[in-house]
Amino acid sequence: MYIFFLIVHILSAVAFVGYVFFDVCIFPFAKKHIDEDTLARVKKAYTKGSAKVFGTAFLMLIISGIYMAKEYLGGENGWFGSSFQILLMAKIGVLGLMCLVTAISLFFVYKLKKPDPFGKYSHVIALVLCVIMIILAKLMWRV
């Protein structure tokens, strides 16, 4: 069962990080070739549909990550007994930070009806945090 969750985790990460990467690194190039009105309509069209894919990928990442982490953390395994566990906990901490940033953004936009406090940098922040988590994940198996 572990291998199933590992595959789901990897594929979900590719979808999640790929979407954020596209939004941060690829889409801005369209600004040079498309007028602002068309650009806004295109962005609105792909973000409306992508929310389901993005949300599903994130949910699958969390579920598969929890399943895999329980093999290495808690109980007889402990929490900070090895370099692997320390890096895994750091990765979980970065994920917590990403969830906090997202919760703050959603609170401002949907509850307070105010602009996102992170503005146009929310996906840049998410991409940086994703890259940090990817690095931590790779380091976990090398240290």
Side-chain angles (χ1 to χ4, degrees), residues 1-74 77 79-143:
M1 200 64 166
Y2 183 88
I3 194 72
F4 170 77
F5 282 99
L6 177 62
I7 291 168
V8 167
H9 197 72
I10 291 169
L11 293 176
S12 298
V14 168
F16 185 85
V17 177
Y19 173 81
V20 177
F21 180 82
F22 172 82
D23 200 49
V24 171
C25 299
I26 306 299
F27 188 72
F29 287 111
K31 290 180 181 179
K32 298 177 183 177
H33 304 287
I34 300 174
D35 63 273
E36 285 293 321
D37 183 51
T38 304
L39 190 67
R41 288 194 336 255
V42 168
K43 180 138 184 154
K44 184 177 181 182
Y46 87 76
T47 52
K48 186 175 184 177
S50 66
K52 291 177 185 171
V53 174
F54 196 57
T56 302
F58 186 71
L59 184 62
M60 297 305 293
L61 267 170
I62 298 297
I63 292 168
S64 60
I66 289 170
Y67 180 86
M68 292 187 306
K70 73 182 177 105
E71 298 288 321
Y72 303 102
L73 295 174
N77 294 324
W79 295 92
F80 294 98
S82 67
S83 297
F84 182 93
Q85 288 176 326
I86 291 168
L87 291 168
L88 179 55
M89 291 301 287
K91 183 180 171 193
I92 292 169
V94 173
L95 171 64
L97 180 59
M98 181 185 293
C99 289
L100 179 64
V101 168
T102 302
I104 290 169
S105 293
L106 292 173
F107 179 75
F108 268 78
V109 172
Y110 293 109
K111 188 71 172 171
L112 300 178
K113 306 290 187 206
K114 292 186 176 186
D116 181 353
F118 303 105
K120 62 183 177 180
Y121 298 107
S122 60
H123 280 179
V124 173
I125 293 167
L127 182 60
V128 169
L129 294 174
C130 284
V131 168
I132 292 169
M133 284 188 280
I134 291 167
I135 291 168
L136 289 169
K138 294 307 287 181
L139 287 174
M140 284 171 19
W141 296 101
R142 297 289 178 219
V143 178

Starting at [atom1] of [X], measure out to [atom2] of [Y] and round the result to the nearest 0.5 Å.
{"X": "Met68", "Y": "Ile3", "atom1": "CE", "atom2": "CD1", "value": "9.5 Å"}
{"X": "Leu61", "Y": "Ile66", "atom1": "CG", "atom2": "CD1", "value": "11.0 Å"}
{"X": "Leu88", "Y": "Ser82", "atom1": "CG", "atom2": "OG", "value": "9.0 Å"}
{"X": "Ile34", "Y": "Lys43", "atom1": "CD1", "atom2": "NZ", "value": "12.5 Å"}

Name all residues meeting the side chain to side chain contact (heavy atoms under 4.5 Å, CB included) criterion together with [X]; count only those two or more places apart in sequence or in a different chain, and write none if there are none.
{"X": "Ile86", "result": "Phe80"}
{"X": "Leu139", "result": "Leu87, Ile135, Val143"}
{"X": "Phe4", "result": "Val8"}
{"X": "Ala137", "result": "Lys91"}

Inset, instruction - Mind jotting down which residue pairs meet the ring-ring contact (aromatic ring centres under 6.0 Å, His included) criterion with at least one end in residues 21-44? Sequence neighbours excluded, please. - result: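 Non-adjacent pairs meeting ring-ring contact (aromatic ring centres under 6.0 Å, His included): Phe22-Tyr46, Phe27-Tyr46.
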Inset, instruction - Indicate the atoms forming the closest heavy-atom contact of Leu73 with Gln85, along with that distance. - result: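 Between these two residues, the closest heavy atoms are CD2-CG, 3.9 Å.
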Legend entry - Side chain to side chain, Met140 and Ser83, heavy atoms closer than 4.5 Å: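 No, too far: nothing below the 4.5 Å cut-off.
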Legend entry - Close side-chain approach of Val109 and Pro115, heavy atoms under 4.5 Å: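 Counting from C-beta outward, Val109 and Pro115 never come under 4.5 Å.
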Taking only distance into account, with no hydrogens and no angle test, what donor-acceptor pairs under 3.5 Å do side-chain atoms of residues 118-128 form with protein atoms, sequence neighbours excluded?
unit_1	atom_1	unit_2	atom_2	d
His123	ND1	Asp23	OD2	2.5

Legend entry - side-chain hydrogen bond (donor to acceptor under 3.5 Å, both in side chains) against Tyr2, all qualifying residues, sequence neighbours excluded: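 Partners of Tyr2 under the side-chain hydrogen bond (donor to acceptor under 3.5 Å, both in side chains) test: Tyr72.
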Inset, instruction - Return the set of residues passing ring pair (Phe, Tyr, Trp, His ring centres under 6.0 Å) with Tyr67 (not counting sequence neighbours), or none when no residue passes. - result: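 If we apply the ring pair (Phe, Tyr, Trp, His ring centres under 6.0 Å) test to Tyr67, skipping adjacent residues, the hits are Phe5.
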Inset, instruction - Let me see the working for Leu95 and Ile62 under side-chain contact (heavy atoms from CB on, under 4.5 Å), right down to the final yes or no. - result: CA-CA 9 Å; Leu95 171 64; Ile62 298 297; 3.6 Å; yes
Which residue pairs pass the side-chain hydrogen bond (donor to acceptor under 3.5 Å, both in side chains) test with at least one member in [range], sequence neighbours excluded?
{"range": "residues 94-105", "value": "Ser105-Asp116"}
{"range": "residues 4-16", "value": "His9-Ser64"}
{"range": "residues 129-143", "value": "none"}

Legend entry - Counterpart residues, salt bridge (charged side-chain N to carboxylate O under 4.0 Å, His left out), relative to Asp35 (two or more places apart):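 Result, salt bridge (charged side-chain N to carboxylate O under 4.0 Å, His left out) vs Asp35: none returned.
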